[in-house]
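We use all heavy atoms of the structure for the numbers below, so side chains are in, but hydrogens, waters and symmetry mates are not. Everything quoted here is computed from the prediction, not taken from an experiment.
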Amino acid sequence: MSILYENLGNWSSHYYSVPNYTMVAPVFGFMAYSSSETTLTECEKMNFIIQGDPITIQFPQVGSHEKNNTPICAKFSGDGSVEFNNMTEPYVCEAQSQGHYTLVIPSPKEVHNTRGQSKRFTIWWVLGFVIGFVGLVILALVLLALVKAEKRRRIRKMERNSEGGEPFDTFWIGETKLPLAPMIRTQPNLENDEVIPY
């Protein structure tokens, strides 16, 4: 059996990433291969599980981070899943099986973006509600103005029609003003000229 160790260094973030977390150390990995020779030609990858004491991985290069943000160990499995564990010592992780390991901290940038997106969504929702409400008020005022204009137009038309007719004298009965026709314009005519005796 041969064990291959890897240190991805500056290429760590190119090959691995943890959603909502920031890597503060390079990715270290080790894999077990079946081999009877000193070279790794024509060998097969083994499913290697450590029996007894775990392997300790010390991360000498750790990026800057806030003091209240203690890094945690992250293990990248072959199927793409990520497992988290606390450090056993400062910047030291324990490994019970082969894989790739690093140190991560919760990403404040991700939290900030989520809050920013939520805040932007709320602002747009409120802005849309206000614009819709103002639009409805303006539409109601325009409709009211159109109804009043139509009513005024009808009244003017009635006034013009009444001015073109023959004016009547008026008289009052109580508090009511009524038109008065002073004479009958058409005199009645008898259909027969014969005088009917009484």
Side-chain angles (χ1 to χ4, degrees), residues 1-140:
M1 179 178 73
S2 299
I3 297 179
L4 173 67
Y5 292 93
E6 294 178 310
N7 179 357
L8 298 181
N10 293 335
W11 289 88
S12 299
S13 58
H14 180 74
Y15 291 104
Y16 293 98
S17 65
V18 185
N20 302 323
Y21 286 87
T22 303
M23 289 192 292
V24 293
V27 174
F28 288 98
F30 64 93
M31 299 292 178
Y33 291 90
S34 62
S35 175
S36 57
E37 303 174 6
T38 56
T39 61
L40 293 176
T41 57
E42 298 180 5
C43 57
E44 293 182 6
K45 189 175 177 181
M46 296 175 60
N47 188 11
F48 178 63
I49 297 175
I50 300 165
Q51 302 291 332
D53 293 337
I55 294 175
T56 57
I57 303 170
Q58 186 170 7
F59 296 90
Q61 299 172 345
V62 179
S64 60
H65 58 86
E66 297 176 11
K67 291 182 179 179
N68 59 349
N69 247 348
T70 304
I72 56 175
C73 301
K75 178 196 173 188
F76 301 97
S77 300
D79 61 357
S81 63
V82 182
E83 297 174 18
F84 298 101
N85 287 307
N86 291 328
M87 296 184 295
T88 54
E89 296 177 33
Y91 311 119
V92 174
C93 294
E94 289 185 348
Q96 292 285 353
S97 61
Q98 61 187 357
H100 290 82
Y101 296 82
T102 189
L103 295 174
V104 296
I105 58 171
S107 177
K109 188 176 182 181
E110 292 291 333
V111 173
H112 176 70
N113 284 346
T114 305
R115 286 179 185 166
Q117 288 174 356
S118 175
K119 191 174 181 180
R120 267 185 258 129
F121 175 77
T122 304
I123 289 172
W124 280 111
W125 188 86
V126 170
L127 189 61
F129 177 78
V130 169
I131 290 173
F133 181 75
V134 170
L136 285 174
V137 169
I138 290 173
L139 182 63

List the steps and the verdict of side chain to side chain contact (heavy atoms under 4.5 Å, CB included) for Lys75 and Ser97.
CA-CA 10 Å; Lys75 178 196 173 188; Ser97 61; 2.5 Å; yes
Criterion side chain to side chain contact (heavy atoms under 4.5 Å, CB included) on Cys93 and Thr88, from CA distance to verdict
CA-CA 6 Å; Cys93 294; Thr88 54; over 6 Å; no
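Contact of the His100 side chain with the Met31 side chain is registered, since non-hydrogen atoms from C-beta on lie closer than 4.5 Å. In this structure, Pro71 and Ile105 have side chains that are in contact, with non-hydrogen atoms separated by less than 4.5 Å.
Aromatic pair Phe84/Tyr21: centroids less than 6.0 angstrom apart.
Atom CG of Leu103 is separated from atom CZ of Phe28 by 9.5 Å, given to the nearest 0.5 angstrom. For the atom pair OG1 (Thr70) and CE (Met87), the distance works out to 6.0 Å, reported to the nearest 0.5 Å. Of the inter-residue distances, the one linking Ser77 atom OG with Glu83 atom CD reads 4.5 Å to the nearest 0.5 angstrom.
Ser12 and Pro26 make their closest contact through OG-CA, 3.4 Å (heavy atoms, listed as atom of the first residue, atom of the second, distance). Ser13 approaches Met23 most closely through the heavy-atom pair CA-CE, 3.4 Å.
Note: Tyr101 and Phe30 have parallel aromatic rings, judged against thresholds of 30 and 60 degrees for the angle between ring planes.
Between Val27 and the options Phe59, Phe76, Tyr15, Trp11, a side chain to side chain contact (heavy atoms under 4.5 Å, CB included) holds for only Phe76.
Side-chain N or O atoms of Thr102 include one that pairs as donor or acceptor with a backbone N or O of Ala25 at under 3.5 Å.
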